[in-house]
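Atoms considered below: every heavy atom in the structure, side chains included; atoms not considered: hydrogens, waters and symmetry mates. Here is how names work: the chains are called A, B, and so on, in the same order as the sequence lines, proteins then strands, and each is numbered from 1.
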Protein chains: 2
Amino acid sequence: MRRPAREAAPPLETLAERCRAAGLSLTPQRLAIFQALWGSLDHPSPETLYARVRPRLPSISLATIYKTLDTLVELGMVAELPSTGDAKRYDAYMAPHHHLVCDVCNDIEDFVDEKLSALRAPKVGGFTAQSVSVSIHGRCRRCSRASA
Amino acid sequence: MRRPAREAAPPLETLAERCRAAGLSLTPQRLAIFQALWGSLDHPSPETLYARVRPRLPSISLATIYKTLDTLVELGMVAELPSTGDAKRYDAYMAPHHHLVCDVCNDIEDFVDEKLSALRAPKVGGFTAQSVSVSIHGRCRRCSRASA
DNA sequence: GTAACTGCAAAAACTTTGCTGAGTT
DNA sequence: AACTCAGCAAAGTTTTTGCAGTTAC
């Protein structure tokens, strides 16, 4: 099951709490970037996020996007995804879930599956496992159609 | 089970065949880079690979490392791994397997597990699944020890 | 009012490209 | 001899950093 768009309001109270706890201000930029990321289903790069936030905050700079993403990662509100292309990719959806990765256009979609979520990390000597993440590679709907 | 170091000789005949089939020369650089990657268990970045190949080919350039990695990926001899961090990461081990990712030092180790390899992609509307890859995140032996 | 933050510009890090002489077949 | 290739240097991207004025609390 794909994650439904905006299944819930973004956890803004959590963001506010964590900022406060860390002695950080809750600036309009942080708010806007977090909300834009929460509202995106495609796990945007910093550049893409910049484009999406600009209409709301026209004077924002790309450097702020980068710094803010680092901050949000440190606050545990956002995750950097492993990816192959040229730019970093981010996800604001922190509940356990997996990913559908399109090998053609590099799009990444969230994906929830109970069986996969039930996977436990096998024991491996020396390595301390914390989480298991599954990526399903293939072609997204659009690229499947395009190549047919 | 971790992949044993150098469990087999690097598939050099395959490399030679594929080069020939594609009309490419089997140059000393391509050979050295492929062998260095095969012999590495840590999925090095281009820069790291550069350092490892230099003793053997002191005049090689970083640009050649990049170009050759692209070529090897096109030949299907090497894969670019999804990763966080600043540089690309490569793997010469093409048999199906999974990865142990250290969230502290970003090291990536190969990992073979029959149960995980038996995983089949669940059906998802529109998405054409091709393969399933599992990453186990946590702390590698060294970083586990360091933080204890 | 104080500490933290943004935006700018410059720099650093990473990767790609164009060219020329050298190597492969 | 024809074609491909490596190495160099320059350019292109992506990301980080330092600083001065501004904003959040």
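Between the CD atom of Glu47(B) and the P atom of dA12(C) there is a distance of 16 Å, given to the nearest Å. Across the protein-nucleic acid pair, Tyr50(B) atom OH and dT16(C) atom P stand 16 Å apart, rounded to whole Å. Following rounding to the nearest Å, Leu72(A) (CG) and dT6(C) (P) show an atom-to-atom distance of 10 Å. Between Leu69(B) atom CG and dC14(C) atom C1' the separation is 13 Å, expressed in whole Å. Taking atom CG on Leu57(A) and atom P on dC5(C), their separation rounds to 16 Å, with Å as the unit. Taking atom CD on Glu80(A) and atom C1' on dT15(D), their separation rounds to 11 Å, with Å as the unit. If you measure from atom CD1 of Ile65(B) to atom C1' of dC8(D), you get 15 Å, rounded to the nearest angstrom. To the nearest angstrom, P of dA10(C) lies 16 Å from CG of Leu62(A).
Using a cutoff of 4.0 Å between basic side-chain nitrogens and carboxylate oxygens, Asp42(A) and Arg52(A) are scored as salt-bridged. Ion pairing of Asp70(A) with Lys88(A) is absent here, as no side-chain N (NZ or NE/NH1/NH2) approaches a carboxylate O to less than 4.0 Å.
A close approach under 4.0 Å does occur between a side-chain nitrogen or oxygen of Thr64(A) and OP1 or OP2 of dG7(C). Listed pair Tyr66(A) / dT16(D) fails the phosphate criterion, with no side-chain N or O lying under 4.0 Å from OP1 or OP2. Of the side-chain N and O atoms in Ser59(A), one or more sit less than 4.0 angstrom from OP1 or OP2 of dG7(C). Distances shown here put a side-chain N or O of Lys88(B) below 4.0 Å from the OP1 or OP2 atom of dT16(C).
Under a cutoff of 6.0 Å and an axis angle of 45°, Arg54(A) and Tyr50(A) form a cation-pi pair.
Ser45(A) is linked by a side chain to side chain contact (heavy atoms under 4.5 Å, CB included) to Glu47(A), Thr48(A), Ala87(A), Arg89(A), counting only residues two or more places apart in sequence or in another chain. Every ring-ring contact (aromatic ring centres under 6.0 Å, His included) that His99(B) has, sequence neighbours left out, goes to His43(B), His97(B).
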For nucleotides 23-25 of chain D, give me every protein contact, N/O to N/O, under 3.5 Å, one pair per line with atom names.
from	atom 1	to	atom 2	distance (Å)
dC25(D)	OP1	Leu26(A)	N	3.2

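Checking side-chain atoms of Thr64(B) against main-chain N and O of Ile60(B) turns up no donor-acceptor pair under 3.5 Å.
Side-chain atoms of Thr71(A) and Thr68(A) form no donor-acceptor pair, as typed in the model, at a separation below 3.5 Å.
For Lys67(B) and Asp86(B), each mapped to the nucleotide of DNA chain C holding its nearest heavy atom, the one lying further toward the 5' end belongs to Asp86(B).
Among dT15(C), dT17(D), dT17(C), the nucleotide with an atom closest to any side-chain atom of Ala87(B) is dT15(C). Closest approach to the Arg30(A) side chain among dT17(C), dC8(C), dT6(C) is made by dT6(C) (side chain taken as heavy atoms from C-beta onward). In this structure, the nucleotide among dG7(C), dT16(C), dT14(D) sitting nearest to the side chain of Ile60(A) is dG7(C).
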